[in-house]
Amino acid sequence: MPPKRKKEWFDDDSFWRDLYPFLFTKERLAAGDDHVEKALALAKPRGRAALDLACGPGRCSIALARRGFTVTGVDRTRYLLDRARSRARRASVPVEWVRADMRDFVREEAFDLALSMFTSFGYFDEKEEDLQVLHHVLASLKPGGVFLMELVGKEVLAGIFQPTTMETLPDGSRLVQGHEIIDDWTRIRNEWVLIRKGRTKTFRFHHTIYSGQELKDRLAAAGFEGIRLYGDLEGHPYGRDSEGLVAVARRPRARRPRGSGERA
């Protein structure tokens, strides 16, 4: 049985339902195919069993399945998984959809590839739970399996940060986004105000932000090796002017002795 936890911002399904048109535009969903193609070229998995962690509406899961991978998509949000199932049916591809918290999901030595895309890491109030997730991903990979993460790095965020931004959809809906860096530049706190049909709804949430070195250290602490950082899915070097932060790391082919990077 998964442990009982206090509710956090991402447990509110209305966040994902109401903001879905902004978070998952047609263009962003369509780009999933290209992103997966580039991720595969960068990660070079040695087999065809894939885990899409925090899969959302399945944009990467479906793209992997189209390429012949056996795919497991994991997400804790029922609404997003329902959207993923519908999209997979329309695409006529098989995907195993699992509703689970990434802090709990582990399937020992089952996958050749694990993906964490679209800044789906660092959501938790307890920062050490990020390390727990990485331990579970490591355990879920086969020896020699590869993990690719895509997120907004701290160096990139420092260069593009704006306290307030706004986005408008063709139907007139607006999303006003307020951002604040807190906790000594380790978290970003957000207040998003959705304005639709004359009504407003406010969402407040936060997540941890990682520098390239901090993410690399976390992956190493979890037991990954061969960790490489890139500035995008095309493999350009990582830096302040990058599009984002992409990390590629492998599970060792043989288990390291406890005390040399593994949690006791």
Side-chain angles (χ1 to χ4, degrees), residues 34-55 60-61 63-64 67-72 74 102-103 105-122 127-156 208-264:
D34 180 62
H35 290 174
V36 163
E37 188 72 18
K38 291 175 180 177
L40 292 174
L42 203 59
K44 298 179 176 61
R46 299 179 175 128
R48 304 189 73 78
L51 168 65
D52 186 9
L53 195 63
C55 64
C60 293
S61 298
L64 286 165
R67 287 163 174 77
F69 280 78
T70 301
V71 184
T72 299
V74 175
M102 67 172 71
R103 291 168 290 186
F105 180 83
V106 60
R107 189 174 290 177
E108 293 282 343
E109 298 190 3
F111 304 104
D112 303 291
L113 169 70
L115 294 180
S116 173
M117 305 286 280
F118 197 34
T119 311
S120 299
F121 182 75
K127 296 177 183 178
E128 287 307 304
E129 291 181 328
D130 290 351
L131 186 59
Q132 179 182 338
V133 171
L134 297 181
H135 277 288
H136 285 174
V137 173
L138 184 82
S140 297
L141 287 170
K142 299 174 185 179
V146 61
F147 182 33
L148 185 146
M149 307 178 72
E150 177 209 27
L151 57 156
V152 177
K154 190 179 293 186
E155 295 88 347
V156 175
T208 301
I209 48 177
Y210 285 96
S211 70
Q213 187 61 54
E214 287 166 344
L215 184 61
K216 198 170 185 178
D217 289 345
R218 280 276 160 137
L219 286 162
F224 286 93
E225 66 178 18
I227 305 162
R228 301 291 300 273
L229 301 181
Y230 303 96
D232 54 35
L233 290 170
E234 294 182 352
H236 292 115
Y238 179 63
R240 181 171 175 172
D241 296 327
S242 297
E243 292 180 9
L245 171 58
V246 175
V248 178
R250 289 192 179 272
R251 173 175 169 169
R253 286 188 174 276
R255 272 289 195 179
R256 295 177 181 178
R258 290 187 182 273
S260 60
E262 293 280 359
R263 181 175 59 177

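In what follows, every heavy atom counts, from backbone to side chain, and hydrogens, waters and symmetry copies are set aside.
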Got a second to check how far [X]'s [atom1] is from [Y]'s [atom2], nearest 0.5 Å?
{"X": "Arg240", "Y": "Lys154", "atom1": "CZ", "atom2": "NZ", "result": "14.0 Å"}
{"X": "Leu51", "Y": "Leu115", "atom1": "CG", "atom2": "CG", "result": "8.0 Å"}
{"X": "Tyr210", "Y": "Asp130", "atom1": "OH", "atom2": "CG", "result": "3.5 Å"}
{"X": "Phe69", "Y": "Leu40", "atom1": "CZ", "atom2": "CG", "result": "4.5 Å"}
{"X": "Thr208", "Y": "Glu129", "atom1": "OG1", "atom2": "CD", "result": "10.5 Å"}
{"X": "Tyr230", "Y": "His236", "atom1": "OH", "atom2": "NE2", "result": "12.0 Å"}

Measure across [X] and [Y] and return the closest heavy-atom pair with its distance rounded to 0.1 Å.
{"X": "Ala49", "Y": "Ala110", "answer": "CB-O, 3.6 Å"}
{"X": "Val248", "Y": "Ala43", "answer": "CG1-CA, 4.2 Å"}
{"X": "Ser116", "Y": "Phe121", "answer": "OG-CB, 4.1 Å"}
{"X": "Met117", "Y": "Cys60", "answer": "CG-SG, 3.9 Å"}
{"X": "Ala247", "Y": "Leu215", "answer": "CB-CD2, 3.8 Å"}
{"X": "Gly235", "Y": "Leu42", "answer": "CA-CD1, 3.7 Å"}

Looking at [X] and [Y], would you say the former's side chain and the latter's main chain have a donor-acceptor pair under 3.5 Å?
{"X": "Glu155", "Y": "Gly212", "answer": "yes"}
{"X": "Arg48", "Y": "Leu113", "answer": "no"}
{"X": "Glu150", "Y": "Val246", "answer": "no"}
{"X": "Ser61", "Y": "Asp52", "answer": "no"}
{"X": "Gln132", "Y": "Arg103", "answer": "yes"}

Does Glu243 have more than 12 heavy atoms from other residues, nucleotides or ligands lying within 6.0 Å of its CD? no
Validation row: Glu37, Arg67 side chains within 4.5 angstrom (heavy atoms): yes
Enumerate donor-acceptor pairs with a distance under 3.5 Å from any side-chain N or O in residues 137-148 to protein atoms, sequence neighbours excluded.
| from | atom 1 | to | atom 2 | distance (Å) |
| --- | --- | --- | --- | --- |
| Ser140 | OG | Arg107 | N | 3.0 |
| Ser140 | OG | His136 | O | 2.8 |
| Lys142 | NZ | Asp112 | OD2 | 3.4 |

Can you list the steps and then say if Leu229 with Leu245 is a side-chain contact (heavy atoms from CB on, under 4.5 Å)? CA-CA 7 Å; Leu229 301 181; Leu245 171 58; 4.1 Å; yes
For Asp217, all residues meeting side-chain contact (heavy atoms from CB on, under 4.5 Å), sequence neighbours excluded: Gln213
Show, in sequence, the C-alpha distance, side-chain angles and deciding distance for Arg218 and Met149, and conclude whether the side-chain contact (heavy atoms from CB on, under 4.5 Å) test is met. CA-CA 12 Å; Arg218 280 276 160 137; Met149 307 178 72; over 6 Å; no
